[in-house]
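Inspection log for the structure reproduced underneath, given as structure tokens.
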Amino acid sequence: MKYKLVLTLTGVLLVTIIISILLIIPSSRPYSIWNTSGNGYSKLIYRYGFKPLHEIIPNIIRQANSTIIIYPVFRQIEDFNRTVEFVDKGGTLILIDEKGYSNELLYLYFHLPIIIDNHTVYDEIYCYKGKRENPLIYKYDSKNVELIGWTPAAIKLLDTTNVSIIEEYTTSKFSYIDKDNNKYYTPGDEFNIHIIILSIKYGYGRLIIISDYDIISNSYIELGDNNLFLIRYLENKTIRYILVSSMPYTVIDSIREITLYMNSNTIDTKSIISFILITLLIIMAYIGEKRGA
């Protein structure tokens, strides 16, 4: 009986240690908020104070004026109505999508004549370090703000009649949409200025559409004016979330999230190690008590 007890408790300890190690090791998935590499989004958590959010609940809508939500879209969106209501009631939503997954949300629910073309925009002339994949992105009619992207898509504004545009950021007139996906300009590709970021007033709130997943990633946030661009939208927004409902999320990610909220914006390695030691001491004490019984 004692042997089975020891075996069970040892198994519990091993599982605890394995989970703790997995918590310490960062995720390697691109654009994960737990990925600390260049292609991750972890700086949104640790530097800018965003917290993971799984759905927009009524309480968040009630605090919309003080709230900003970053919504990276990596698959088809399911919750349309609350997303629209959040912006309409005064919230700021940064919608990030370069594949067109949010087109239904924009066109049918926000009722905006906007679609995201899922082909890549390249620029042979105005690009970062001579790489066509890194087009420079400027505030329209201004060269004072220079953002650096990575294989963005184009935002197509089909009609401006009922769209209250606040600002837009575009590529140069030498950029093109690579319609045949060969990564070079060929006849038939759309050679023109292309919108990459579009900021719109909607109801009492603001909708910012970004057709580039990388602009706010860990490595790209350090380039050009990308950091300053994001900071501008954080003013007076004391409640900050990143909506993870359309991102891959594992059980370990959920445990990381619990740890994050427990330690206030940081996954504390010392706390995890302490947790392991305390668990070990409890198991040892329990085994000693059983042996003495």
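Positions are given from 1 along the sequence.
Once rounded to the nearest 0.5 Å, the distance linking OG1 of T36 with OH of Y46 reads 8.0 Å. Rounding to the nearest 0.5 Å gives a distance of 10.5 Å between CD1 of I114 and OG1 of T160. Of the inter-residue distances, the one linking I208 atom CD1 with L95 atom CG reads 10.0 Å to the nearest 0.5 angstrom. Put simply, CG on L207 and CG on L112 are 6.5 Å apart, with the number rounded to the nearest 0.5 Å. Distance CG/N162 to NE2/H111: 11.5 Å, rounded to 0.5 Å. The distance from atom OG of S211 to atom CD1 of I116, rounded to the nearest 0.5 Å, is 6.5 Å.
Shown here for P72 and L243, the closest heavy-atom pair between the two residues is CD-O, 3.5 Å. R132 approaches K183 most closely through the heavy-atom pair CD-O, 3.1 Å. Of all heavy-atom pairs between P52 and I33, the closest is CB-CD1, 3.8 Å. Closest heavy-atom contact between F50 and I242: CD2-N, 4.1 Å.
Partners of I239 under the side-chain contact (heavy atoms from CB on, under 4.5 Å) rule, at least two apart in sequence or in another chain, are Q63, S66, T67, Y241. Contacts of F74 classified as ring pair (Phe, Tyr, Trp, His ring centres under 6.0 Å), with partners at least two apart in sequence or in another chain: Y31, Y213. For E222, the side-chain contact (heavy atoms from CB on, under 4.5 Å) partners are K43, R47, not counting sequence neighbours.
Looking at heavy atoms from C-beta onward, I94 lies in side-chain contact with I96 at the 4.5 angstrom threshold. No side-chain heavy atom of V121 sits under 4.5 Å from any side-chain heavy atom of Y176. The shortest distance between side-chain heavy atoms of T151 and E98 falls below 4.5 Å. No side-chain heavy atom of V87 sits under 4.5 Å from any side-chain heavy atom of Y204. Side-chain contact between L136 and D123: absent, with no pair of heavy atoms (C-beta onward) separated by less than 4.5 Å. Residues T83 and L93 meet the side-chain proximity criterion, which asks for heavy atoms closer than 4.5 Å. Residues I210 and Y169 are not in side-chain contact: their nearest non-hydrogen atoms beyond the backbone lie 4.5 Å or more apart. Residues F86 and V84 form no side-chain contact, since every pair of their non-hydrogen atoms from C-beta on lies 4.5 Å or further apart.
Paired with Y220 under the rule side chain to side chain donor-acceptor pair (under 3.5 Å), one option of D214, N134, N226 passes, and it is N134. Results of the side chain to side chain donor-acceptor pair (under 3.5 Å) test with D117 over K179, K99, H194 single out K179 as the only residue that passes.
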Contacts under 3.5 angstrom, residues 195-203 side chains, donor-acceptor by atom type, not counting sequence neighbours:
residue: S199; atom: OG; partner: R206; partner atom: NE; Å: 2.8
residue: S199; atom: OG; partner: R206; partner atom: NH2; Å: 3.2
residue: K201; atom: NZ; partner: G203; partner atom: O; Å: 3.2
residue: Y202; atom: OH; partner: F110; partner atom: O; Å: 3.4

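Side-chain atoms of D225 do not come within 3.5 Å of backbone N or O of L228 as any donor-acceptor pair. A distance-only check finds no donor-acceptor pair linking the side chain of Y128 to the backbone of I148 [under 3.5 Å]. Here the side chain of S175 pairs a donor or acceptor atom with the backbone of N192 at under 3.5 angstrom. Checking side-chain atoms of D212 against main-chain N and O of W150 turns up a donor-acceptor pair under 3.5 Å. Within the 3.5 Å criterion, the main-chain N or O of P113 finds no donor-acceptor partner in the side chain of D159. When atom types are taken as modelled, the side chain of R29 and the backbone of W34 share no donor-acceptor pair closer than 3.5 angstrom. Using a distance-only test at 3.5 Å, with no hydrogens or angles considered, a donor-acceptor pair links the side chain of R82 to the main chain of I56. D178 contributes a side-chain N or O that, together with a main-chain N or O of N182, makes up a donor-acceptor pair within less than 3.5 Å.
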Legend entry - CA sep, side-chain torsions, deciding dist, call: L44, I216, side-chain contact (heavy atoms from CB on, under 4.5 Å): CA-CA 8 Å; L44 294 175; I216 60 168; 3.9 Å; yes

Legend entry - Candidate pair N39 and S217, rule side-chain contact (heavy atoms from CB on, under 4.5 Å), full reasoning: CA-CA 6 Å; N39 63 348; S217 67; 5.8 Å; no

Inset, instruction - Begin with the C-alpha distance, continue with both residues' side-chain angles, and end with the deciding distance and a verdict on side-chain contact (heavy atoms from CB on, under 4.5 Å) for Y122 and D189. - result: CA-CA 10 Å; Y122 293 102; D189 290 344; over 6 Å; no

Legend entry - Stepwise side-chain contact (heavy atoms from CB on, under 4.5 Å) test for V145 and Y138: CA-CA 6 Å; V145 179; Y138 302 100; over 6 Å; no

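Within a 6.0 Å radius of CG in N181, other residues, nucleotides and ligands contribute more than 12 heavy atoms.
Ring-plane geometry between Y109 and F80 is classed as parallel, the angle between the planes falling under 30 degrees on a 0 to 90 degree scale with a further cut at 60. Using a 30° and 60° split on the angle between ring planes, F191 and Y185 fall in the perpendicular class, above 60°.
Under a hydrophobic-cluster definition in which Ile, Leu, Val, Met, Phe, Trp and Tyr are linked whenever side-chain heavy atoms come within less than 4.5 Å, directly or via other members, I177 and Y184 are assigned to different clusters. With hydrophobic clusters built from ILVMFWY side chains whose heavy atoms lie under 4.5 angstrom apart, I193 does not share a cluster with V163. In the hydrophobic clustering of ILVMFWY residues, with side-chain heavy atoms under 4.5 Å counting as a link, Y71 and I166 come out apart.
The salt bridge (Lys or Arg N to Asp or Glu O under 4.0 Å) contacts involving residues 60-70 comprise nothing, where partners must be two or more places apart or lie in separate chains. For residues 228-250, the pairs satisfying salt bridge (Lys or Arg N to Asp or Glu O under 4.0 Å) are E167-R232, with sequence neighbours left out.
Between the side chains of S102 and D97, a donor-acceptor pair is found at a separation under 3.5 Å. S42 and N218 are linked by a side-chain donor-acceptor pair at a separation below 3.5 angstrom, with hydrogens and angles left out of the test.
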